[in-house]
> 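Structure incoming, see below.
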Amino acid sequence: MEDNRSNTPSISPAAIVVAAVFIVVSAIGINWFTSFVPVVLPAQASAESKSVDELFYILVIIGGVVFFLIQGMLLISVIFFRARGDDRSDGPTYHGNPLLELVWTIIPSLVVVFLAVVSFNVWSQNSEPKAAVNMINGEEIAIKVTGARYAWTHTYETGQLDPDGDPIVINSGDALHTYIGQNVDLELRTQDVIHSYWVPAMRVKQDLLPGNPATGGRPTEIRFTPIRVDGAEYPATYPIVCAELCGDGHGRMRGTVVVYEDEQQFLEQFYDPAIHAILNPPADPVLRGEIIIQEYVCHSCHVLDSLGWTSRTGPSLNGIADRAGERVPGQSAEEYIVTSVWDAAAFVVPGYTEQMAQFGPDQPDTYQMDAEQLYSIVAYLCTQGEQSDCDLENSTTAIPEAIQTVFGLEVDITFGQGDDEATDAEV
Amino acid sequence: MATIAVPLGGQAEGHQADAVQRPALSEYLRWSVDHKIIGVQYGVASFLFFIIGGAMAMLIRLELWTPELDVMVSGAAYNSLFTMHGTVMIFLFIIPMWAAFGNFVVPLQLGAKDMAFPWLNAFAFWLIPPAAIVVLLGYFVTPAEAGWTSYPPLSTLFSGDGQTLWALGAHLLGISSIMGSINFIVTIFNMRPPQMTLWRMPLLCWAVLATSIIAVMATPFLAGALTLLLLDRVAGTTFFDAAGGGDVLLWQNIFWFYSHPAVYIMVLPGMGVLSEVLSVHSRKPVFGYRMVGLSSMGIAFVGFTVWAHHMFTSLQPELRIPFMITTMIIAVPTGIKMFSWLGTIWGGKIRFTSAMLFALGFMSMFVIGGITGVMLAALPFDIHVHDTYFVVSHFHFVLFGGSVFAIYAALYHWFPKITGRMMNERLGRIHFAFTYFGFLFTFFPMHIVGMLGMPRRVAVYDEAFANWNQLISFSAFVLGFSTFIVIYNIIRSYYRGPVAGANPWRALTLEWATTSPPPVTNFADDPIPFEDPYGYGTEASVAYLNAVEAAFDGRENRTILD
């Protein structure tokens, strides 16, 4: 019953003219659209971004053809095939054309095969493991990223040892430092929920998956190689974004990739000073605390003007020392701050919910904090206020006593023997 | 014109009265096993949820007017807002809205007196209000804030009781969906008139059949996933907790094994509507009827093999390629439909009714969702735009540009049959213009902010995207405003619209061969369908349509009694 070709609708010459015009317009349109590409994608800052963007061009061109074809035919239909005036009659009884149906099944199938092959090639090329990753001073080192609500922490396992024989690990907080041509290979772990590490300028993204801590977690991997971007000033910075919903502060879970021009600049401006600072921590606990507190995820939830923190998930730390003495009856300012850092659930500031992670000597990864680090952080926080409730004169005894009282731990306050002036200048 | 004897069957009997009695409004508020009452119950309830979900969307866009958090009190409050928006729109609006049109139209198109299981039909509907109350109540305890996808461990170890209520409510809605679908499958296979083979069945029935098969096969997986989630939340199990030997990807796999096919649950009925509306309003048979029907089945089948493309950034890298290929294959049956619809209107005599405008709008917008769907399937590009506004844009082009446009087309097309009165066409055209342009300028720019680096589900964003977001929010408010036009049109037309008569569009399918609204038993006796549901343009079809008109609308004074 389908075949009824005698009723084939005749196509007017005008429709053919319109079709020709349409082809020209769509060619111009696609050309214009592809010239628009640099505006709709971020800078091409990695080797991977080049091939991904080439794939994007192909997709946009094919998509553009389909788009203009369908919209064009729709437009032609609504212009030429509208019932005019009082025309109440029906259209031609035309049930289909098997050949045409075959054509519009086979051509899209071929296009799909083509796109699959092209995508597969780009994928194989980009996901191929590279030799010589994370090269620094001619050696491969491990660079690890930890995602914890709501901050990124980057650590460089330098492979060097400090005078006590402990490995030197650089913690660069939410910044990843790299240089043009370095084959970056990051090991990603999460401490809580799923996060997703996305560097738009590099066109790479990988989820961080919770694993069993007892079996070493469930590390995932992300790879890219920074390349030179024309017109960029080095060191250049690109955002890191969390792309998987992780809770209240998801939108603020951001970081920065710092790309140096070459390894030399990377060593001079980041790597060597960082190692120097670790080997020569300031003697003043307040200065030490100011460095240490920035290695933790505190900034992801708290406001603290002196360090430029803006997140409002947790209570503000501005002037914390002015309030600390009156928060909990019977607790001194030092005791309150000590308790709040390691055991935040003990007192939840009115208007906020119990969300803060546990910190302490036995906590995992980026929540791990020993008594000496706690001491430095509390010493720093005690200076945040106009008339601090803390006993600033005797902080070297008052804070260790508070830690002793609350958690029963001894603090070795002699760590940190460095030259304050020198470190201060470099940080 | 030659007079041709047209057998109408018994449907022409028993309509000697001058007036058509509409069900009293109170009928709609109580238990009824009449598929037409249930259809309207589904429709009105879903539309209310559309308004609620839409109001939430307006709040979302208000928050995103600036890059900072200013409307909502916290990021968590914003998270629960879009969680509810997604949940309400998917589970309480689109899916039940198709049950509304399916319920009202499918038995009529089959010439049946009701669905196969009328009581089950009513029961499936009446699960929705309590489920909705449970889900919405969750918003007022400690609300779910893990998105409608509810990925653990955010939805297990890190959220409050609202998440438990969310899962319970979704469970009930799943049960409702399974029962409704079984009913459709049994009805479509068993209750056709003898003259109507499967290959003479209207394409809406084909689409509802494909949809129901998907729903029956996929929804139990949602039930399984939700059960595990509930056990993790309330019974201390660790299915999704790695520390206890569980796996977070287990949820993603099961959830998307349901939720990807669920996309087709939401779109396929719309495609069925398109086939009906385009054919009727361009007065031309559906081009390539068999391929259109079969492509629904093809989409349903391939739709089960693509779920892990939602997990391209979490899946093991070596497993990603196969899912890229299956996902791209879906474009082929979808393309067949698109081209067949173009073939349908090509050379026709298009009437620019509101229903037709929305059907054309569907084609114009859905094609963009289809193109970006293939782009997202291309794994290397997806890695860049996964979980960004590009994806938000893509699925709104599919679910709004697709499903909602089709829902509006269906509304304007079948409103006369449901209420007996015509909708106001002028208001319909204004509604279309606001919806089309509001939609386009809301969602098209989202592609760009996504590619530039804006992730989805954030209340705060980089200042560089502020101008784009203001354009998007402004357009969203226009789109939101357009809803008031159709609400006004529905209410006004229900009371004041011109009387429609049995077959205002002169359509050949059986739902038009009875009064508007149809009597309780739909047809006085077994009706005889026209030989070809889309055989427009033949003398026989004209004779059939004239006979229908003479049988039902020949009287001078047609009136609607409330």
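Lettering of chains follows the sequences in order, A, B, ..., and the numbering in each one begins at 1.
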> Between Tyr151(B) and chain A, which part of the residue has a heavy atom less than 4.5 Å away: side chain, backbone, both or neither?
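Answer is side chain: those atoms of Tyr151(B) sit under 4.5 Å from chain A.
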
> Tell me which of these, Trp341(B), Phe312(B), Tyr78(B), Phe352(B), has more heavy-atom pairs under 4.5 Å with chain A than the rest.
Phe352(B)

> Using 0.5 Å steps for rounding, measure from the CD1 atom of Ile336(B) to the OG atom of Ser109(A).
7.5 Å

> Atom CD1 of Ile70(A) and atom CD1 of Ile371(B): how far apart are they, to the nearest 0.5 Å?
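So the CD1 of Ile70(A) and the CD1 of Ile371(B) are separated by 7.5 Å.
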
> Which bit of Ala214(A) comes within less than 4.5 Å of chain B, counting heavy atoms only: side chain, backbone, both or neither?
neither

> What residue in Arg82(A), Arg84(A), Met73(A), His250(A) has the most heavy-atom pairs under 4.5 Å with chain B?
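Top option by heavy-atom pairs under 4.5 Å: Arg82(A).
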
> Could you tell me whether Asp462(B) and Arg254(A) make a salt bridge, using a distance below 4.0 angstrom between a side-chain N and a carboxylate O?
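A salt bridge is absent here (no side-chain N lies under 4.0 Å from a carboxylate O).
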
> Heavy atoms only: give me the nearest Ala76(B)-Asp248(A) pair and the separation to one decimal.
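The answer is N-OD2, 3.1 Å.
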
> On a heavy-atom basis, which atom in Gly453(B) and which in Pro200(A) lie closest, and how many Å separate them?
CA-CG, 4.0 Å

> Can you say whether Val286(B) sits under 4.5 Å from chain A via the side chain, the backbone, both, or neither, judging by heavy atoms?
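For Val286(B), backbone heavy atoms alone lie under 4.5 Å from chain A.
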
> With rounding to the nearest 0.5 Å, note down the distance linking CH2 in Trp346(B) to CG in Leu74(A).
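The CH2 atom of Trp346(B) sits 10.0 Å away from the CG atom of Leu74(A).
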
> How close do Gly347(B) and Pro92(A) get, heavy atom to heavy atom, and via which atoms?
O-CD, 3.2 Å

> Would you call Glu68(B)-Arg252(A) a salt bridge at under 4.0 Å N-O?
yes

> Does any backbone or side-chain atom of Ser364(B) lie under 4.5 Å from a heavy atom of chain A? Answer side chain, backbone, both or neither.
both

> Do you know which of Leu249(B), Leu360(B), Val374(B) has the most heavy-atom pairs with chain A at a distance under 4.5 angstrom?
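Top count of heavy-atom pairs under 4.5 Å with chain A: Leu249(B).
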
> If you count heavy-atom pairs under 4.5 Å with chain A, which of Ser541(B), Ser74(B), Pro380(B), Ser80(B) comes out on top?
Pro380(B)

> Could you tell me which non-hydrogen atom of Arg88(A) sits nearest to which non-hydrogen atom of Arg506(B), and how far apart they are?
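Taking Arg88(A) first and Arg506(B) second, the nearest heavy atoms are NH2-CD, 4.0 Å.
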
> Please flag which part of Val112(A) lies under 4.5 Å from any non-hydrogen atom of chain B: side chain, backbone, both or neither.
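For Val112(A), backbone and side chain are both near chain B.
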
> Does any heavy atom of chain A fall under 4.5 Å from the side chain of Leu69(B), the backbone, both, or neither of them?
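Leu69(B) touches chain A through backbone and side-chain heavy atoms alike.
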
> Would Ser77(A) and Ile350(B) count as a side chain to side chain contact (heavy atoms under 4.5 Å, CB included) if you check the C-alpha gap in whole Å, the side-chain angles of each, and the deciding distance to 0.1 Å?
CA-CA 8 Å; Ser77(A) 300; Ile350(B) 298 173; 4.3 Å; yes

> Donor-acceptor check, side chain of Lys205(A) to backbone of His386(B), threshold 3.5 angstrom: yes or no?
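Looks like yes, one N/O pair under 3.5 Å.
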
> If you look at every heavy atom in Ile194(A) and Pro152(B), which pair is closest and at what distance?
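Scanning both residues, the minimum pair turns out to be CD1-O, 3.4 Å.
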
> Can you measure from CH2 (Trp123(A)) to CZ (Arg320(B)) and round to the nearest 0.5 angstrom?
4.5 Å

> Evaluate the side-chain proximity of Leu69(A) to Phe339(B): yes if any heavy-atom separation is below 4.5 Å, no if none is.
yes

> I need the residue from Gly251(A), Gly63(A), Ser51(A), Ala83(A) with the largest number of non-hydrogen atom pairs under 4.5 Å to chain B.
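Result: the option with the highest number of such pairs is Ala83(A).
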
> What part of Val385(B) is in contact with chain A, defined as an atom under 4.5 angstrom from a non-hydrogen atom: side chain, backbone, both or neither?
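For Val385(B), the contact with chain A is made by the backbone alone.
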
> Do Glu101(A) side-chain atoms and Met291(B) backbone N/O form a donor-acceptor pair below 3.5 Å?
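Not confirmed, Glu101(A) side chain does not pair with Met291(B) backbone.
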
> Measure Met454(B) against the heavy atoms of chain A and call it side chain, backbone, both or neither at under 4.5 Å.
backbone

> Please confirm whether the backbone N or O of Asp207(A) pairs with a side-chain atom of Ser314(B), one donor and one acceptor, at under 3.5 Å?
no

> For the interface with chain B, which of Ser127(A), Gly247(A), Gly249(A) has the highest count of heavy-atom pairs at distances below 4.5 Å?
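If we count pairs closer than 4.5 Å to chain B, Gly247(A) comes out on top.
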
> Got a second to check how far Ser119(A)'s OG is from Met375(B)'s CE, nearest 0.5 Å?
10.5 Å

> Go through the steps for Leu245(A) and Glu145(B) under the test side chain to side chain contact (heavy atoms under 4.5 Å, CB included), then give the verdict.
CA-CA 9 Å; Leu245(A) 176 63; Glu145(B) 46 172 301; over 6 Å; no

> Is Pro213(A) close to chain B through its backbone or its side chain, or both, or neither, when contacts mean heavy atoms under 4.5 Å?
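When you check distances to chain B, only side chain atoms of Pro213(A) fall under 4.5 Å.
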
> Using distance alone, with no hydrogens and no angle criterion, decide if Asp53(A) and His384(B) have a side-chain donor and acceptor under 3.5 Å apart.
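Result is no, nothing qualifies.
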
> Select one option (side chain, backbone, both, neither) describing which atoms of Glu318(B) are under 4.5 Å from chain A's heavy atoms.
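No part of it gets close to chain A.
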
> For a quick test of reading the model, state the closest non-hydrogen atom pair linking Val40(A) to Met451(B) and the distance between them.
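Looks like O-CB, 3.1 Å.
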
> Rounded to the nearest 0.5 Å, what's the gap from CZ on Phe381(B) to CG on Leu59(A)? Could you check?
7.0 Å

> May I ask you to say whether Lys284(B) pairs ionically with Asp90(A), meaning some side-chain N is under 4.0 Å from a carboxylate O?
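No, no charged N to carboxylate O under 4.0 Å.
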
> What option among Gly535(B), Ser282(B), Ser340(B) has the most heavy-atom pairs under 4.5 Å with chain A?
Ser340(B)

> Do Asp387(B) side-chain atoms and Glu244(A) backbone N/O form a donor-acceptor pair below 3.5 Å?
no

> Which one wins on heavy-atom pair count under 4.5 Å against chain A: Ile321(B), Leu157(B), Ile325(B)?
Ile321(B)

> Please classify the contact between Ile62(A) and chain B as side chain, backbone, both or neither, with a heavy-atom cut-off of under 4.5 Å.
neither

> Flag the pair Phe287(B) / Trp104(A) as yes when their ring centroid distance falls below 6.0 Å, and as no otherwise.
yes

> Using non-hydrogen atoms and a 4.5 Å limit, figure out which bit of Gln71(A) sits close to chain B: side chain, backbone, both or neither.
side chain

> So which residue, Pro285(B), Gly537(B), Pro153(B), Pro455(B), ends up with the most heavy-atom pairs under 4.5 Å with chain A?
Pro285(B)

> With a 4.5 angstrom heavy-atom cut-off, which part of Phe366(B) approaches chain A: side chain, backbone, both or neither?
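For Phe366(B), there is no contact with chain A at all, as no heavy atom is under 4.5 Å.
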
> Report which part of Met324(B) has an atom under 4.5 Å of a heavy atom belonging to chain A: side chain, backbone, both, or neither.
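Side chain only.
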
> Taking side chain as everything from C-beta outward and backbone as N, CA, C, O, which of these in Met363(B) sits under 4.5 Å from a heavy atom of chain A? Side chain, backbone, both or neither.
both

> Check each atom of Ser89(A) against the heavy atoms of chain B and say whether the ones under 4.5 Å are side chain, backbone, both or neither.
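Both parts, backbone and side chain.
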
> Which atoms of Thr313(A) come close to chain B, meaning under 4.5 Å heavy atom to heavy atom: side chain ones, backbone ones, both, or neither?
neither

> Quick one: what part of Val113(A) sits under 4.5 Å from any heavy atom of chain B, side chain, backbone, both or neither?
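For Val113(A), no heavy atom lies under 4.5 Å from chain B.
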
